[in-house]
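Report on the following structure.
Please read these numbers as outputs of a predicted model, since none were measured by experiment. Atoms considered below: every heavy atom in the structure, side chains included; atoms not considered: hydrogens, waters and symmetry mates. Lettering of chains follows the sequences in order, A, B, ..., and the numbering in each one begins at 1.
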There are 2 protein chains.
Amino acid sequence: MKTIEIDEELYQFIAGQTKHIGENASSILRRLLKIDQPTLAKQNITAQKESHYTPFNDLLTSDTFTNEKSIINRFILLLSALYNYNPALFAIAATSLHGSKRQYLAKDKQLLETSGKNTKPREIIGTPYWVISNTNTARKQYIIESIMSDMGISETMINQVTNAFLP
Amino acid sequence: MKTIEIDEELYQFIAGQTKHIGENASSILRRLLKIDQPTLAKQNITAQKESHYTPFNDLLTSDTFTNEKSIINRFILLLSALYNYNPALFAIAATSLHGSKRQYLAKDKQLLETSGKNTKPREIIGTPYWVISNTNTARKQYIIESIMSDMGISETMINQVTNAFLP
DNA sequence: GACGAGATCGCAGGGATAGTTT
DNA sequence: CCAAACTATCCCTGCGATCTCG
């Protein structure tokens, strides 16, 4: 048996999940965590049935996106979707992303301009953010992946987006 | 804080879900159970009570640090935190640290440059100090450990920092 | 600062490793 | 002479932004 410390509120929550008198913490937690830890196979089925990444699925299958042949526009559309999916997480990921000299994303167009010699900032529509655009496709892809990963988005979803993004 | 008992296996499972060094059980469980984290205010109060190394814990769990993939930047961030934790102690540790020829830290960039042939001094942002950067990872780690040790920082904390620092 | 997108290529920085000193 | 400690050369990668092409 191991002992762990948890805060009062969480303790109350766990205690409230007791199924029968005298059920121990391990038993409760195992039950609760099982629900959240389905097998890989199950996860995929669930993902297909009802993903909690609905905004991306919607975007990826939308005509606006699929009909959009330019990398840049798909790039902006994706960033916009990411922001709207979770602005707070996006903000964190965005501010911590940079190259050796250039800042890749910021709310301030000027900041991007002054962080390099010819960064060509572009507004991310539907968003207070701007992105650098003077990069090759590989770097645009890296930016997307990096943001998604920092936002804690699943590997599977990232791959899906990557596939849809590339030509 | 409440204490609960769980079996070994479950403990290992939970420990394995750690997202960043020093994350506590409550935080991990809340993430897994999809419960909201307690408010920042609450967390800080607890943190202050629990550890007098708050600045390091803060840094190590900050997004700026955890999202930073380059060794050099993590190195600088740590030194900056160490200085701000206690400038006086840092000063003592810094001036007494050196190799056989090179001075590792100084307030004066030039001093570092002239103490070796290609030391590549880097400014420690938020600090009047500079560090040598032309070293391998092992030496950077040694510099961090050495400074912390000289500053009288606990073994446990040093280990925690080391873990967070290395790739 | 006004054509825009992005591939290509050159340069800089990071740090492993070969080499030197103690 | 060997080992350990330390240095800094130099290779390699990652990044920037010029330049080409639509």
### Query
Where along residues 112-119 of chain B does a heavy atom come under 4.0 Å from DNA chain D, residue by residue in number order?
B/G116, B/K117, B/N118
### Integer-rounded Å distance: C/dC9 P and A/R139 CZ
17 Å
### Message
With a 4.5 Å cut-off on side-chain heavy atoms, are A/T162 and A/I144 touching?
### Response
no
### Message
Test of understanding: with side chain to side chain donor-acceptor pair (under 3.5 Å), list the residues that count as partners of B/Q141, not counting sequence neighbours.
### Response
B/E145
### Query
Listed by chain and number, what are the ring pair (Phe, Tyr, Trp, His ring centres under 6.0 Å) partners of A/F165, not counting sequence neighbours?
none
#### Entry: All side chain to side chain contact (heavy atoms under 4.5 Å, CB included) counterparts of A/S149, not counting sequence neighbours
A/I158
### Query
Which two nucleotides bound the region of DNA chain D that has atoms under 4.0 Å from heavy atoms of chain B, read 5' to 3'?
D/dC6 to D/dT9
### Task
Please list, chain by chain and in numerical order, all residues satisfying side chain to side chain contact (heavy atoms under 4.5 Å, CB included) with A/S70, sequence neighbours excluded.
A/E68, A/I72, A/N73
### Which residues share a side chain to side chain donor-acceptor pair (under 3.5 Å) with B/R139, sequence neighbours left out
B/Y104
### Message
Applying side chain to side chain donor-acceptor pair (under 3.5 Å), can you list everything that pairs with A/S96, at least two apart in sequence or on another chain?
### Response
B/N67
Show me, pair by pair, the donor-acceptor contacts under 3.5 angstrom made by side chains of residues 105-114 of chain A, not counting sequence neighbours?
residue : atom : partner : partner atom : Å
A/D108  : OD1  : A/Q110  : N            : 3.0
A/T114  : OG1  : A/Q110  : O            : 3.0
A/T114  : OG1  : A/L111  : O            : 3.2

### Query
What one-letter contact string describes nucleotides 14-20 of chain C from 5' to 3', where B marks a base within less than 4.0 Å of any protein heavy atom, S marks contact via sugar-phosphate atoms alone, and - marks no contact?
SBBB---
### Query
CD of A/Q141 versus C1' of C/dA7: gap in Å, rounded?
15 Å
### Task
Report which part of the nucleic acid A/Y104 touches: base, sugar-phosphate, or nothing (heavy-atom distance under 4.0 Å, all strands).
sugar-phosphate
### Query
For atom P, what is the distance between D/dT20 and C/dG1, given to the nearest Å?
22 Å
### Message
Can you list everything that forms a side chain to side chain contact (heavy atoms under 4.5 Å, CB included) with B/K120? Sequence neighbours excluded, please.
### Response
B/N118, B/S133, B/N134
### Message
B/Y129: which residues meet the side chain to side chain donor-acceptor pair (under 3.5 Å) condition with it, sequence neighbours left out?
### Response
none
